[in-house]
Amino acid sequence: MRQAGRYMPAYRALRQKHGFWDVCKNPELSTEVAMQPIRRFDFDASIVFSDILVVPDALGLGVTFAKGEGPVFSHPLREASTLDTWNAEAAMEKLVFVPNAVHALREAIGTERALLGFAGAPWTLFCYCVEGQGSDDFRRARVMLHAQPELATRALSMLADITARLLVAQVHAGADAVQIFDTWGGLLSPFEYERFAIPALKSICDKVQAAHGKVILFVRAGHHLLPHLETLPVDGVSLDWRTPWKSARSLFPTRALQGNLDPLMLLAPDAEIRAATKRLLGEMGDFKRSIFNLGHGIVPETPEHAVDVLLKAIRS
Ligand code: CP3
C-alpha cells in the first residue's frame with residue numbers, strides 16, 4: 001500500500017531530480033524507487049513502481065500531477081465519441097514500460113521475495129476518466145453510470161480489456177500476483193457493483209488466471225460489497241482498515257486475506273502502534289493465508305521510525 005513513495009526521504013530526494021512519470025517510465029529509476037523500501041525495511045514482497053493512471057494516460061486522456069495535488073486530465077471522458085478514439089493495441093504499445101519495470105525489478109529482487117504487479121479496477125479508472133481529477137464522491141462518474149448506462153458499460157468493458165492485457169503482461173514479466181485497486185468501489189451500491197463492476201472484474205480474473213497469475217482485489221470502503229465478491233474467482237482479498245478481519249475470514253474461509261491496519265495508526269505514539277498491531281494479529285488467529293498490510297496507502301507524513309516499530313511488532 002504505497003510501499004515506495006513520499007514517506008521515504010530517499011524517494012523525495014530522487015523526485016527532486018526526476019518527474020513522477022519519468023520515474024515510472026524508466027526501468028532503472030522505477031527499480032531504484034521500488035528497492036528503497038526493500039533495502040530499508042526488508043519487506044517480504046515488492047510491488048512494481050507505477051500508477052493506476054498509466055492506463056487513461058495511454059488512452060490519450062493526458063494525465064498530469066499538479067504539484068502537491070492530485071491528478072488532472074486534459075481530455076476527460078464526457079461523451080460517447082471519445083470511446084471511438086480508444087485503441088487497446090495502441091495503448092498497450094505505450095504501456096510496455098510497465099512490464100519492463102516488472103522485469104527489471106524481478107532481476108533486482110531475485111526469486112526469494114514475492115513480486116506484485118498492479119492496475120486500477122475498471123470502475124475506479126472510469127471514475128477518474130469521467131471526473132478528470134480526484135474527488136471525494138465522483139458525482140460526474142456516478143451520474144454517467146445512472147444516466148448513460150450503455151456508454152458506461154462500453155467504457156468499463158474497454159477499460160477491463162486493457163487492464164487484463166496490462167496485468168497479463170506483468171505476470172509474463174515475472175509478477176507472482178497482481179493487485180487490482182478498486183479505490184472508489186465503495187461508492188457503489190451492491191446492485192450497481194454487481195451490474196457494472198463485477199462483470200469487468202470477472203473477465204480480468206479469468207484472463208490473469210489463464211496466464212497462471214494470482215489476483216488480489218482491494219475495494220476501499222467496500223465492506224457492504226464483500227458478500228457480493230464471493231462469486232468472483234479472486235485468490236486474495238485486500239481489506240480496507242474498517243473491515244473486521246474475522247467477518248472477512250468467515251466470508252472467505254479458503255482465500256488469502258491481506259490487511260488491514262489503519263495507515264493513520266502510523267502517526268500515533270510507538271506504544272499505540274504496538275498495541276494496535278497486537279490486536280490485529282490476535283484477530284488474524286492462526287495466520288494461515290494471512291498477509292499483514294495496511295488497510296490503505298501509507299501517508300506521506302509517516303515517519304520511517306513508525307514503520308520500524310510496526311515491523312518489529314509483527315516479526316516478534
Ligand atoms: O509502492 C507502491 O505501492 C507502488 C506505487 C503506487 C503508486 N500509486 C505510486 C504513486 C501504487 C500502488 C499506486 C496506486 C494508485 N494510484 C491508486 C490506488 C491505491 C490508492 O491509493 O487508493 C490510486 C487511486 C492512484 C492515483 C493517484 N496517483 C493519485 C490520486 C495520486 C496523487 C495523490 C496522491 O495520493 O499522491 C497519485 C500519485 C502517486 N502515485 C504518487 C506515488 C508515489 C505520488 C507522486 C509524487 O511522487 O509526487
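Just so you know, residue 1 is the first one in the sequence shown, and it goes up from there. For ligands, and for the atoms within them, numbers begin at 1 and follow the listed sequence.
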Answer yes or no for [X]: is there a heavy-atom contact with ligand 1 below 4.0 Å?
| X | result |
| --- | --- |
| Thr124 | no |
| Gly134 | no |
| Pro37 | no |

Check: Phe218 ring centroid to Phe118 ring centroid under 6.0 Å: no
Ring centers of Phe20, Phe49 separated by less than 6.0 Å: yes
Nitrogen or oxygen of Ala4 less than 3.5 angstrom from that of ligand 1: yes
N or O pair under 3.5 Å between Asp51 and ligand 1: yes
Element-labelled atoms of ligand 1 that are located less than 4.0 Å from some non-hydrogen atom of Val48: 4 (C)
Interfacing atoms of ligand 1 (cut-off 4.0 Å, heavy-atom, Thr183): 18 (C), 19 (C), 20 (C), 22 (O), 24 (C)
Hey, looking at [atom], which of [options] has the closest heavy atom?
| atom | options | answer |
| --- | --- | --- |
| atom 22 (O) of ligand 1 | Gln179, Arg220, Arg15, His296 | His296 |
| atom 2 (C) of ligand 1 | Val299, Leu14, Ile47 | Ile47 |
| atom 47 (O) of ligand 1 | Phe20, Tyr11, Tyr7 | Tyr11 |
| atom 11 (C) of ligand 1 | Phe118, Phe181, Phe218 | Phe118 |
| atom 13 (C) of ligand 1 | Gln3, Glu69, Arg2 | Arg2 |
| atom 9 (C) of ligand 1 | Ser30, Gly5, Ser50, Ala119 | Ser50 |

Which residue and non-hydrogen atom of the protein lie closest to [atom], and at what distance in Å?
| atom | answer |
| --- | --- |
| atom 24 (C) of ligand 1 | Tyr128 OH, 3.4 Å |
| atom 14 (C) of ligand 1 | Ile52 CG2, 3.8 Å |
| atom 36 (O) of ligand 1 | Arg6 NH2, 2.4 Å |
| atom 30 (C) of ligand 1 | Pro71 CD, 3.6 Å |
| atom 31 (C) of ligand 1 | Phe65 CE2, 3.6 Å |

Is the [atom1] atom of [X] crowded by more than 12 outside heavy atoms at less than 6.0 Å?
| X | atom1 | value |
| --- | --- | --- |
| Lys207 | NZ | yes |
| His75 | NE2 | no |
| Asp84 | CG | yes |
| His146 | NE2 | yes |
| Arg140 | CZ | no |
| Arg139 | CZ | no |

Donor-acceptor pair, side chain of Gln170 and main chain of Ala175, under 3.5 angstrom: no
Pair Tyr128, Trp184: side-chain N/O donor-acceptor within cut-off below 3.5 Å: yes
Ion pair Asp176/Arg106, N-O distance below 4.0 Å: yes
